Amino acid sequence: MLDRQILRSPEGIARLKEALKHRGYDPGVVERLVALDERWRELTREVNELRRVQNEKARMVGRLKREGKHEEAEQVILESRTLSEKIQVLEQELREISERFEREWLLVPNIPHESVPVGEDESANVVVRTWGDLPSFDFEPRPHWELGEILGILDFESPRVMSGSRFVGYRGLGARLERALIQFFLDLHTTEHGYTEVIPPVLVREESMIASGHLPKFREEMYEIPADGLFLIPTAEVSLANLHRDTLFAEEELPRYYTAYTPCFRREAGAYGKDVRGMIRLHQFNKVELFKYTLPEQSYDELERMLQDAERVLQLLGIPYRVVALSTGDMGFAAAKTYDIEAWAPGLQRWLEVSSVSNTEDFQARRAGVRVRRRNGTVEYVHTLNGSGLATPRTFIALLENFQQKDGSVVIPEALRPYMGGLEVIEPQ
RNA sequence: GGAGGGGUGGCCGAGUGGUCGAAGGCGGCGGCUUGCUAAGCCGUAGCCCCGGCUGAAACCGGGGCCGAGGGUUCGAAUCCCUCCCCCUCCGCCA
């Protein structure tokens, strides 16, 4: 959520319209919002004034009664009664205006940072850097689903029966490898990068989804449990963004770094027929998330650092990747700036997004009510950042496909071996 | 699921339907005292919104905020309703 102050100056209005245009949103909503805000302020002014008079009269009644002047008190009560009715009518209208404003305001995305490349879609994204050499093979590299089959570590069949498409099962060393990845990520971030590990709920209330910016706009992407009004999280970002709801931090308490492993659930409603093969796009997957609460002036430095923390995972695994700065048209709703990290998948011959690292500035903090009292006494919203560190299925894919050998065996990167009981190679069954 | 108790300012905690933010404590800030610190003493202090002011800060005026939302009343932290959360007991179950 943006500061609605932006609707009260010509420059702010122009800035917001431009931001919406760059994101591919209709800037037409802005005029409507400006009108609602103006009406809201006008009503607020009127109501405030009437309440002032009303308060005066109420106090007068109290005073008169205490002084025993009951008849005069009755007179004032009579006046006050009609005023009270008038106020109620205006308050009703004020409530309606507020609700209408709020409804639309919650659908307005964040304003992109000035450093974000302007463009309609992913074609305008900018590759910031590439790390590692793409592997060359003296054989045709296999896609992960073939490797999973050969090695007997992935199960695509039984999940289809028990749950439908876009689910995967791991078995044997596959399950162990998945667990190893999660543990490796968490250990790295907690011991070397200073994040505090948390295990949050994965079922949350609607208001938590609103706070993180995932609702009301993306309802069709969420699994919902109507009987209890709960939603399955699409990312631990939701849980971590709600860790300090309605909190006023002291400046010394920031920054705060959190990491969490959770399963994530996505309906993928808009992706019919896309990435159906293998485990590129799943309804349920595992992810280790990174999250920071920072002072506003530090958030862009913290963004770069978080990006490095996520990159470090791939470096230690030896998986080649590139970092991409997303364009205005490709960024998520709450983000002011986003980097994607894409791992190379030689079997698929494509780059796979394994991480997305974003600064939402105060967009989520405003929705979640997370503020900081500065040393000079002023209060402002904190900045929040989130990033994957990493998502496992695609890391799993990249790992299998990069380290495969001619016979289908897969070499386990050294960093992971301690988590695999020292195992160096997964052999075909 | 059943019964009962409770949610008050950054934190803890008192509170009457009518004296403009609500005792007290902790913590905060300013000052005095002090070789320095601690202790002590004095003072000050909340958050949000509207307006003065085109934007921001300070300041001034006003409104709102005692879990959330409605309601009763001239007037509600205080009474009523709904919801949320916490605690205790009982039942059930990992």
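Just so you know, these numbers come straight off a predicted model, no measurement behind them. Throughout, a chain's letter reflects where its sequence line sits, starting with A, and its residues are numbered from 1.
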Considering only [options], which nucleotide approaches the side chain of [X] most closely?
{"X": "A/W40", "options": "B/G64, B/U72, B/C50", "value": "B/C50"}
{"X": "A/R373", "options": "B/G46, B/G63, B/C74", "value": "B/G46"}
{"X": "A/L248", "options": "B/G10, B/C50, B/G64", "value": "B/G10"}
{"X": "A/Q88", "options": "B/C50, B/C85, B/U72", "value": "B/U72"}
{"X": "A/R52", "options": "B/C48, B/C74, B/G63", "value": "B/G63"}

If I pick the [atom1] atom on [M] and the same atom on [N], what distance separates them, to the nearest angstrom?
{"N": "B/U78", "M": "B/C41", "atom1": "P", "answer": "36 Å"}
{"N": "B/C12", "M": "B/G18", "atom1": "C1'", "answer": "29 Å"}
{"N": "B/C65", "M": "B/G10", "atom1": "P", "answer": "16 Å"}
{"N": "B/U19", "M": "B/G28", "atom1": "C1'", "answer": "29 Å"}
{"N": "B/C93", "M": "B/G5", "atom1": "P", "answer": "28 Å"}
{"N": "B/C29", "M": "B/C89", "atom1": "C1'", "answer": "46 Å"}
{"N": "B/G13", "M": "B/G24", "atom1": "C1'", "answer": "8 Å"}
{"N": "B/A39", "M": "B/U33", "atom1": "C1'", "answer": "11 Å"}

Using whole Å, what does the distance between atom [atom2] of nucleotide [N] and atom [atom1] of [X] come to?
{"X": "A/M1", "N": "B/C49", "atom1": "CE", "atom2": "P", "result": "11 Å"}
{"X": "A/I87", "N": "B/C74", "atom1": "CD1", "atom2": "P", "result": "12 Å"}
{"X": "A/L50", "N": "B/C74", "atom1": "CG", "atom2": "P", "result": "17 Å"}
{"X": "A/E102", "N": "B/C49", "atom1": "CD", "atom2": "P", "result": "13 Å"}
{"X": "A/R245", "N": "B/C85", "atom1": "CZ", "atom2": "P", "result": "12 Å"}
{"X": "A/R51", "N": "B/C65", "atom1": "CZ", "atom2": "C1'", "result": "11 Å"}
{"X": "A/Q92", "N": "B/G69", "atom1": "CD", "atom2": "C1'", "result": "13 Å"}
{"X": "A/R95", "N": "B/C49", "atom1": "CZ", "atom2": "P", "result": "20 Å"}

With a 6.0 Å cut-off (strictly less than), is the heavy-atom count around [atom1] of [X], excluding the residue itself, greater than 12?
{"X": "A/E380", "atom1": "CD", "value": "yes"}
{"X": "A/R15", "atom1": "CZ", "value": "no"}
{"X": "A/I199", "atom1": "CD1", "value": "no"}

Should the pair A/Y293 and A/H244 be assigned to parallel (<30°), tilted (30 to 60°) or perpendicular (>60°) ring geometry? perpendicular
Under 30°, 30 to 60°, or over 60°: which ring-plane class applies to A/F333 and A/F218, parallel, tilted or perpendicular? perpendicular
On RNA chain B, nearest-nucleotide positions of A/A58 versus A/Q54: which is more 5'? A/A58
Both A/V47 and A/L78 contact RNA chain B. Which one's nearest nucleotide lies toward the 5' end? A/V47
Residues A/E206 and A/R219 bridged, charged N to O under 4.0 Å: yes
Before accepting this row, confirm whether a basic side-chain N of the pair A/E361/A/K337 lies closer than 4.0 Å to the acidic partner's carboxylate O. no
Centroid-centroid under 6.0 Å between A/H113 and A/Y300 rings: yes
Any A/N55 side-chain N or O less than 4.0 Å from OP1/OP2 of B/C20: no
Any N/O pairs under 3.5 Å between the protein and nucleotides 51-57 of chain B? List them or say none.
from	atom 1	to	atom 2	distance (Å)
B/G51	OP1	A/R41	NH1	3.2
B/A56	OP1	A/Q5	NE2	3.1

Touch check for A/V61, heavy atoms < 4.0 angstrom, all strands: base, sugar-phosphate only, or nothing? base
Pairwise distance NE2(A/H283) to OG(A/S163) - rounded to 0.5 angstrom: 9.5 Å
Begin from the C-alpha positions of A/R51 and A/E91 and carry the test side-chain contact (heavy atoms from CB on, under 4.5 Å) through to its verdict. CA-CA 10 Å; A/R51 278 207 273 238; A/E91 279 181 333; 2.2 Å; yes
Residue that, paired with A/Y195, satisfies ring-ring contact (aromatic ring centres under 6.0 Å, His included) out of A/Y261, A/F185, A/Y257: A/Y257
Pairing stems for RNA chain B [at least three consecutive pairs; Watson-Crick or G-U; under 3.5 angstrom]: B:1-7 with B:84-90, B:10-12 with B:24-26, B:28-32 with B:40-44, B:46-52 with B:59-65, B:67-71 with B:79-83
